[in-house]
2 protein chains.
Amino acid sequence: MTEKNSLLCNGKHHEMERFIETCLLLLLYKETGYGYALMEQLNYFDFSEGRLNISTLYRRLRKMEKEELVVSAWEESSKGPKKRIYSITDKGKEKLAKWIQILKSRKSKIVKLIDKYDETVKTSH
Amino acid sequence: MTEKNSLLCNGKHHEMERFIETCLLLLLYKETGYGYALMEQLNYFDFSEGRLNISTLYRRLRKMEKEELVVSAWEESSKGPKKRIYSITDKGKEKLAKWIQILKSRKSKIVKLIDKYDETVKTSH
DNA sequence: TTTAACTATATACTTATTGCATATAGTCCT
DNA sequence: AGGACTATATGCAATAAGTATATAGTTAAA
């Protein structure tokens with residue numbers, strides 16, 4: 001799978017693929033974290049619980065670990081069940097930087113499309 | 001399938017779902033068109049042929065017609081094979097406007113993420 | 001003691017998208 | 001006839017994400 005310069009999208013109720021992972025990597029860049037708490041922190045990026053399914057979050061984390069973008073370690077908890085604590089790897093940091101570039105490109109495309117729309121709608125009235 | 005305020009993404013080599021359809025609807029807003037030619041016009045939105053598979057384009061067009069966002073009619077061609085000419089419907093225009101709003105929201109999210117990244121990377125050096 | 005609530009993690013099933021691969025067909029030129 | 005260009009379409013496979021569901025630890029209430 002060659003990635004090119006694309007953010008990959010899909011059907012049903014979906015956020016941009018790398019958007020979720022980009023957000024997660026960024027949160028982990030600041031400090032280590034575990035799934036359940038990361039879910040709440042995603043609120044900052046307008047990912048409310050009703051917007052992102054928690055199963056997706058766990059799956060993305062597992063996938064990123066498989067890809068060596070993050071590493072995890074089980075931590076016994078003084079309260080409640082044990083936690084799987086994630087940290088970002090150097091590889092993950094590089095990937096994050098890369099996706100940020102991609103998102104910038106994406107943003108430009110959106111701006112271009114919006115401008116084109118405004119221009120088109122204006123001249124058709 | 002409730003759409004909420006999400007742009008839906010997916011695996012493999014993917015552009016944002018509604019981005020493709022938004023572009024197509026916008027092109028058809030300006031003037032009617034047929035698949036093959038629309039494919040070339042998409043270059044304006046940085047969809048080069050290597051970036052979007054033409055099978056996807058046809059499928060998106062067929063899907064939008066099923067959803068009544070566009071209508072099509074076969075046109076005999078003086079040269080070459082017959083063409084399936086598409087026009088946007090009023091419903092399609094409404095949908096286009098809606099997706100433009102969604103894209104604006106999407107852009108804001110991207111900006112927010114990028115700012116957060118810059119801020120985070122700066123304070124970590 | 002049992003049940004409920006909260007915390008924490010995980011996975012099967014289903015749906016949808018898109019590239020790859022492939023196919024059909026009309027027109028023109030070699 | 002074969003190749004190139006124009007024009008459209010669909011099966012297969014991979015991937016993502018919601019729904020549904022499951023397991024498990026801790027604490028508090030019934």
- Message: Between the side chains of Lys91(A) and Glu68(A), is the shortest nitrogen-to-carboxylate-oxygen separation below 4.0 Å, so that they form an ion pair?
- Response: yes
- Message: Under 4.0 Å, counting only non-hydrogen atoms across every strand here, what does Arg59(B) touch: a base, just sugar-phosphate, or nothing?
- Response: base
- How many angstroms lie between atom CD1 of Ile20(B) and atom CZ of Arg59(B), to the nearest 0.5 angstrom? 10.5 Å
- How long is the line joining CZ of Arg62(B) and C1' of dG11(D), in whole Å? 17 Å
- Task: Identify the residue among Ile100(B), Leu25(B), Thr22(B), Leu103(B) that makes a side chain to side chain contact (heavy atoms under 4.5 Å, CB included) with Tyr117(A).
- Result: Ile100(B)
- Can you give one letter per nucleotide of nucleotides 20-27 of chain D, going 5' to 3': B for a protein heavy atom under 4.0 Å from the base, S for sugar-phosphate only, - for none? B----BS-
- Message: Tell me whether Lys93(A) forms a cation-pi arrangement with Tyr29(A), defined as NZ or CZ under 6.0 Å from the six-membered ring centre and within 45 degrees of its axis.
- Response: yes
- Task: May I have the distance from Leu52(B) (atom CG) to dT8(D) (atom P), rounded to whole angstrom?
- Result: 14 Å
- Could you tell me the separation between the CD atom of Glu75(A) and the C1' atom of dA8(C), rounded to a whole number of Å? 13 Å
- Item | Distance-only side-chain donor-acceptor flag, Glu65(A) / Ser72(A), under 3.5 Å | yes
- Does Tyr58(B) place a side-chain N or O at less than 4.0 Å from the phosphate oxygens OP1/OP2 of dA9(D)? no
- Item | Base dG18(D) to side chain Arg60(A), donor-acceptor N/O within 3.5 Å cut-off | no
- Whole-Å gap separating P (dT17(C)) and CE (Met64(B)): 12 Å
- Message: Quick check on the hydrophobic clustering: are Ile54(A) and Tyr34(A) connected, directly or via other members, by side-chain heavy-atom contacts under 4.5 Å?
- Response: yes
- Pair Lys98(A)-Glu94(A), salt bridge (charged side-chain N to carboxylate O under 4.0 Å, His left out): steps then yes or no: CA-CA 6 Å; Lys98(A) 191 172 177 185; Glu94(A) 291 170 18; over 6 Å; no
- Query: To the nearest Å, how far apart are Glu21(B) CD and dT17(C) P?
  - Reply: 7 Å
- Query: Do Glu76(A) and Lys82(A) sit within salt-bridge range, that is, some charged N less than 4.0 Å from a carboxylate O?
  - Reply: no
- Message: For dA9(D) and Arg84(B) - does any side-chain N or O of the residue sit under 4.0 Å from the phosphate oxygens OP1/OP2?
- Response: yes
- Message: So for the helix from dT1(C)-dA30(D) to dT30(C)-dA1(D), with five pairs setting each end axis, what is the inter-axis angle to 10°?
- Response: 30°
- Item | Proximal nucleotide (of dT7(C), dA16(D), dT6(D)) relative to the Tyr36(B) side chain | dT6(D)
- Note on the structure: In whole angstroms, the gap separating P of dT17(C) from CG of Leu24(B) amounts to 14 Å
- Item | Worked verdict on Glu21(A) versus Arg60(A) for salt bridge (charged side-chain N to carboxylate O under 4.0 Å, His left out) | CA-CA 7 Å; Glu21(A) 295 193 10; Arg60(A) 307 260 45 87; 2.6 Å; yes
